[in-house]
Amino acid sequence: QVQLVESGGGLVQAGGSLRLSCAASGRTFSANAMGWFRQAPGKEREFVAAVSWSGTYRNYADSVKGRFTISRDNVKNTVYLQMNSLKPEDTAVYYCAGSRSSGLRTTSEYDYWGQGTQVTVSS
């Protein structure tokens, strides 16, 4: 059983930074692409960022491009999301996800999900 556990969420002021981590545990981690999604109250879960197994290919939602950076450490089985210049609109529960294939922007392309970590950005 693959388990993804997010950490690093919290409360920050607008313009501040946070670094989210997603650690894989349990059975051998078999995900190829890894992604981050977020969900604000009353809204659907939306794509934030994704990275290929090698880390060579990265993709971001337009709303976070230039501010967020996704990366991964396959030795540690950990994926990161560095969030800079945070805005109140970034407030949401952030979910880590893994895809067995090259899934990217849609939730249906991912096979593994974490429980989420809360990120709150105050003004």
Side-chain angles (χ1 to χ4, degrees):
Q1 199 80 15
V2 173
Q3 184 178 24
L4 302 179
V5 180
E6 302 95 335
S7 63
L11 174 65
V12 297
Q13 289 185 306
S17 299
L18 279 177
R19 189 195 193 199
L20 304 184
S21 297
C22 174
S25 61
R27 70 182 185 184
T28 302
F29 188 54
S30 59
N32 184 7
M34 295 293 298
W36 286 94
F37 291 76
R38 67 187 182 186
Q39 187 168 22
K43 295 185 177 181
E44 297 295 317
R45 191 168 299 186
E46 66 175 354
F47 170 78
V48 176
V51 61
S52 64
W53 184 89
S54 67
T56 301
Y57 302 99
R58 304 179 188 186
N59 195 270
Y60 301 92
D62 289 341
S63 60
V64 306
K65 192 174 299 182
R67 300 188 297 120
F68 291 10
T69 302
I70 187 172
S71 61
R72 65 190 299 169
D73 185 333
N74 291 336
V75 175
K76 296 181 178 180
N77 290 320
T78 303
V79 182
Y80 306 94
L81 184 67
Q82 178 66 47
M83 305 185 294
N84 299 326
S85 301
L86 283 163
K87 305 175 181 179
E89 302 87 81
D90 296 317
T91 296
V93 176
Y94 283 70
Y95 297 90
C96 175
S99 174
R100 294 177 182 176
S101 60
S102 57
L104 192 61
R105 288 177 167 269
T106 62
T107 58
S108 63
E109 295 175 299
Y110 290 83
D111 306 287
Y112 312 103
W113 292 88
Q115 292 299 118
T117 185
Q118 178 71 47
V119 172
T120 303
V121 184
S122 65
S123 58

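Since we're looking at a predicted model, the values are computed, not measured. Throughout, numbering of the chain's residues begins at 1 and tracks the sequence.
- Although no hydrogens or angles enter the test, the distance criterion places no donor-acceptor pair under 3.5 Å between the side chain of Ser99 and the main chain of Asn32.
- Note: the hydrophobic cluster containing Tyr80 does not contain Tyr112 (ILVMFWY, side chain heavy atoms under 4.5 Å, direct or indirect links).
- Residues Lys87 and Asp90 are not paired through a salt bridge, judged by the lack of any N-O separation under 4.0 Å between the basic side chain and the carboxylate.
- With hydrogens and angles ignored, the 3.5 Å screen pairs a side-chain donor or acceptor of Glu109 with a backbone N or O of Leu104.
- Criterion: ILVMFWY side-chain heavy atoms under 4.5 Å apart, direct or through other members. Under it, Leu20 and Val12 are part of a common hydrophobic cluster.
- Each of Asn74, Thr78, Val79 was evaluated against Met34; a single residue qualifies, Val79, per the side chain to side chain contact (heavy atoms under 4.5 Å, CB included) test.
- Trp36 and Tyr110 fall into different hydrophobic clusters, defined by Ile, Leu, Val, Met, Phe, Trp and Tyr side-chain heavy atoms under 4.5 Å apart, directly or through other members.
- Residues passing the salt bridge (Lys or Arg N to Asp or Glu O under 4.0 Å) test with Glu46, sequence neighbours excluded: Arg38.
- Atom CZ of Arg45 is separated from atom OG1 of Thr107 by 7.5 Å, given to the nearest 0.5 angstrom.
- Note that CG of Leu86 is 13.0 Å distant from OG of Ser123, once rounded to the nearest 0.5 Å.
- Cluster annotation: Leu18 is not connected to Tyr95 through the hydrophobic network of ILVMFWY side chains, with a link wherever side-chain heavy atoms come within less than 4.5 Å.
- Two different hydrophobic clusters hold Val119 and Val93 under the rule that ILVMFWY side chains link at heavy-atom gaps under 4.5 Å.
- Qualifying ring-ring contact (aromatic ring centres under 6.0 Å, His included) partners for Phe47, counting only residues two or more places apart in sequence or in other chains: Phe37.
- Looking at Gln82, its side chain never comes within 3.5 Å of a backbone N or O of Thr69 through a donor-acceptor pair.
- For the residue pair Asn84/Ser17, the side-chain donor-acceptor check at 3.5 Å is satisfied.
- The environment of CD in Gln115 is sparse: at most 12 heavy-atom neighbours from other residues, nucleotides or ligands sit within 6.0 Å.
- Interatomic distance, Gln118 CD to Thr91 OG1, rounded to the nearest 0.5 Å: 7.5 Å.
- For the pair Arg105 (side chain) and Val48 (backbone), a donor-acceptor distance under 3.5 Å is absent.
- A donor-acceptor distance shorter than 3.5 angstrom exists from the side chain of Ser52 to the backbone of Tyr57, with no hydrogens or angles considered.
- Among residues at least two apart or in separate chains, there is no disulfide bond (SG atoms under 2.5 Å apart) pair with a member in residues 39-69.
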